[in-house]
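All of these numbers come straight from a predicted model, not from anything done at the bench. Chain letters run A, B, ... following the sequence lines, proteins first and then strands; every chain starts at 1.
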2 protein chains.
Amino acid sequence: MGRFVCGVDLGGTKISTGIVDESGKVIQSLKIPTNVEEGSDAVISRINMSIDKVLEMSNLKLHNLSGIGIGAPGPLDIEKGIVVYSANLPGWRDVPIANKIKEKYELPIRLNNDGNAAVLGEYLFGTGRGSKNFIYITISTGIGAGAVIDGKLFNGANSNALEVGHMTINTSGPKCGCGNHGCFEALASGTSIARRAQKMIDEGRETIILVQEKNAPVKAEYVFDAARNGDKVALEIIDTEAFYLGVGISNIINLFNPDKIALGGGVSTQMDMFYSKMMQTVTERTLRPNAAICEVVRAKLGNEIGIIGAASLILCDD
Amino acid sequence: MGRFVCGVDLGGTKISTGIVDESGKVIQSLKIPTNVEEGSDAVISRINMSIDKVLEMSNLKLHNLSGIGIGAPGPLDIEKGIVVYSANLPGWRDVPIANKIKEKYELPIRLNNDGNAAVLGEYLFGTGRGSKNFIYITISTGIGAGAVIDGKLFNGANSNALEVGHMTINTSGPKCGCGNHGCFEALASGTSIARRAQKMIDEGRETIILVQEKNAPVKAEYVFDAARNGDKVALEIIDTEAFYLGVGISNIINLFNPDKIALGGGVSTQMDMFYSKMMQTVTERTLRPNAAICEVVRAKLGNEIGIIGAASLILCDD
């Protein structure tokens with residue numbers, strides 16, 4: 001029997017837990033609500049329960065596991081395995097999650113930022129294989145990222161490197177959730193696609209975007225659907241999205257000089273709709289030698305990247 | 001007798017060559033014009049001549065040197081020691097500068113980007129000591145930078161990491177020398193201070209900026225001088241400079257999560273005039289945990305950073 005690792009992807013609304021083998025394959029997985037309002041002790045108990053459950057589902061015993069990796073929203077103290085606090089885990093303050101889980105399982109436990117865990121997963125088991133300087137960017141309701149530099153996970157001074165979502169790309173841009181103006185995330189996330197669509201609908205622009213689901217709030221995917229049906233307003237919004245994605249990615253290429261960037265998250269599943277326009281902006285705004293060496297691709301790992309990434313925190317030790 | 005290294009700072013207009021001891025002290029140095037129009041072979045001969053000369057000035061022989069480090073404008077192939085091409089060295093194409101110099105001296109030769117060399121110098125012998133994730137930013141006619149990550153020089157995939165000058169911070173900003181719009185360098189370099197001043201003078205704003213030197217083109221230092229004398233237009237320009245510097249530095253802190261950033265270059269010598277306003281913007285735009293761990297200081301190494309940085313390419317092997 002090979003080696004197995006447990007990966008826990010702790011989010012503000014759900015906990016995804018899975019058993020991953022050493023080839024990065026998810027054997028069994030489980031998704032439960034976080035119920036963050038019950039407090040950190042209750043959440044940690046639920047994590048433990050989910051670990052027990054996926055072990056059982058996989059017909060494995062604790063001694064088959066070589067460790068437990070946890071991806072969590074930061075800021076964290078990764079050395080001490082502590083969630084310092086988190087916008088997505090309200091009420092959490094200096095929660096020693098790694099030690100609390102270790103108490104029960106007596107296994108190596110690794111905690112890291114969800115973005116850092118994801119890049120490691122995609123690096124070890126996805127499109128990052130063979131890359132030396134690799135960036136993973138997730139474009140979803142927000143924009144997050146992680147980097148592998150010279151073959152090693154780049155954490156930064158306190159594991160908050162690659163907070164690309166809050167990089168200013170337009171000083172006079174719209175307000176971001178962080179309070180700042182013109183952040184990459186405020187201009188190029190899935191949320192900003194929906195926001196632009198809502199604005200155009202409110203302005204009375206003729207569009208089929210909302211026809212699909214009356215009175216429901218606009219979602220980025222409706223915009224993509226409408227664009228696929230040739231809707232002009234939707235196509236205009238996707239072009240704007242492509243432009244801002246291109247600007248942000250260009251900045252990342254100018255600064256990190258990676259050989260590969262993989263895009264994940266919900267918006268990336270529609271990459272065929274904006275890739276060429278996005279790359280046009282990347283080419284226009286990136287220094288030639290940096291652009292020449294960098295490939296931009298869609299990530300290979302899909303929804304399981306949270307679990308595989310968390311497991312990779314242990315698997316990367318090989 | 002201790003160990004000595006030769007550092008060569010190759011620029012588009014001048015070559016600075018010096019002998020540096022293992023404590024990072026410049027023993028002797030020399031500055032000669034590059035005369036780039038004479039072609040790469042002629043320039044390399046002049047570099048060799050300058051090396052011979054500083055050795056002689058230092059009363060040292062070749063066998064006292066443990067290597068020669070060269071900082072040059074990129075893009076370079078640092079593994080092969082080649083200048084691929086350079087906007088600052090017109091006509092240079094795939095020049096194997098390291099091998100050509102090695103032919104004469106038979107010593108270890110290291111070539112790297114001038115920004116990368118500078119950060120290494122400031123890291124080993126300046127304010128970077130003790131830092132683990134350190135960034136050096138030079139604010140001069142342009143804006144360049146380099147990073148030391150986990151105690152190691154960060155080169156990127158082809159030694160062009162930290163091209164921060166061409167990071168877009170305002171998509172609708174002014175045109176940059178690189179052809180792009182809204183680059184950090186186009187908004188916050190010394191050149192952009194002078195450009196703003198010229199514009200205000202052309203608009204007929206009342207200012208003492210030009211009184212100092214009639215009919216000469218405005219320089220950033222005149223603006224600082226006028227601001228020190230309470231000139232309102234100059235103070236307004238410095239405030240704008242502080243804002244854009246703050247935006248760019250905030251992006252760098254959000255992305256690299258460094259524990260220290262040192263500012264060098266001509267504009268940094270006036271840091272007392274803009275530090276507090278710049279840091280106000282940094283604080284406003286940087287994620288709290290990233291801001292909390294990062295100190296922003298003025299670099300310790302001054303004009304000699306080019307030579308010391310180049311020498312550090314050899315000295316860092318210890």
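- Looking at A:His166, A:His181, A:Met167 one by one, the single match for side chain to side chain contact (heavy atoms under 4.5 Å, CB included) with B:Arg285 turns out to be A:His181.
- Contacts with chain A were tallied for B:Asn155, B:Thr286, B:Asn160, B:Ile149; B:Asn160 has the most, counting heavy-atom pairs under 4.5 Å.
- Highest contact tally toward chain A, considering only B:Cys294, B:Pro289, B:Cys176, is held by B:Pro289 [criterion: heavy-atom pairs under 4.5 Å].
- At a heavy-atom separation below 4.5 angstrom, chain B is approached by no residue within residues 183-194 of chain A.
- For chain A, the nearby part of B:Asp150 is the side chain; its heavy atoms alone come within less than 4.5 Å.
- Interface check for chain B: of the options A:Asp259, A:Leu287, A:Val247, A:Ile253, the most heavy-atom pairs under 4.5 Å are formed by A:Leu287.
- The OG1 atom of B:Thr168 lies 10.0 Å from the CG atom of A:Asn170; values are rounded to the nearest 0.5 Å.
- Residues of residues 77-84 of chain B having a heavy atom under 4.5 Å from any heavy atom of chain A: none.
- B:Glu284 is not listed as a side-chain neighbour of A:Asn180, based on a closest heavy-atom distance of 4.5 Å or more.
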*Intermediate values then yes/no, side-chain contact (heavy atoms from CB on, under 4.5 Å), B:Val164 and A:Asn254*: CA-CA 7 Å; B:Val164 302; A:Asn254 279 331; over 6 Å; no
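- Residues B:Asn257 and A:Gly156 share a closest heavy-atom pair of OD1-C, 3.5 Å.
- Among B:Asn290, B:Thr171, B:Asn133, B:Ile293, the residue with the largest count of heavy-atom pairs under 4.5 Å with chain A is B:Thr171.
- There is no contact between A:Lys260 and chain B, counting heavy-atom distances below 4.5 Å.
- Aromatic ring pairs are classed by plane angle as parallel below 30°, tilted from 30° to 60° and perpendicular above 60°; the pair A:Phe256 and B:Phe256 is parallel.
- Heavy atoms of A:Ser159 lying under 4.5 Å from chain B belong exclusively to its backbone.
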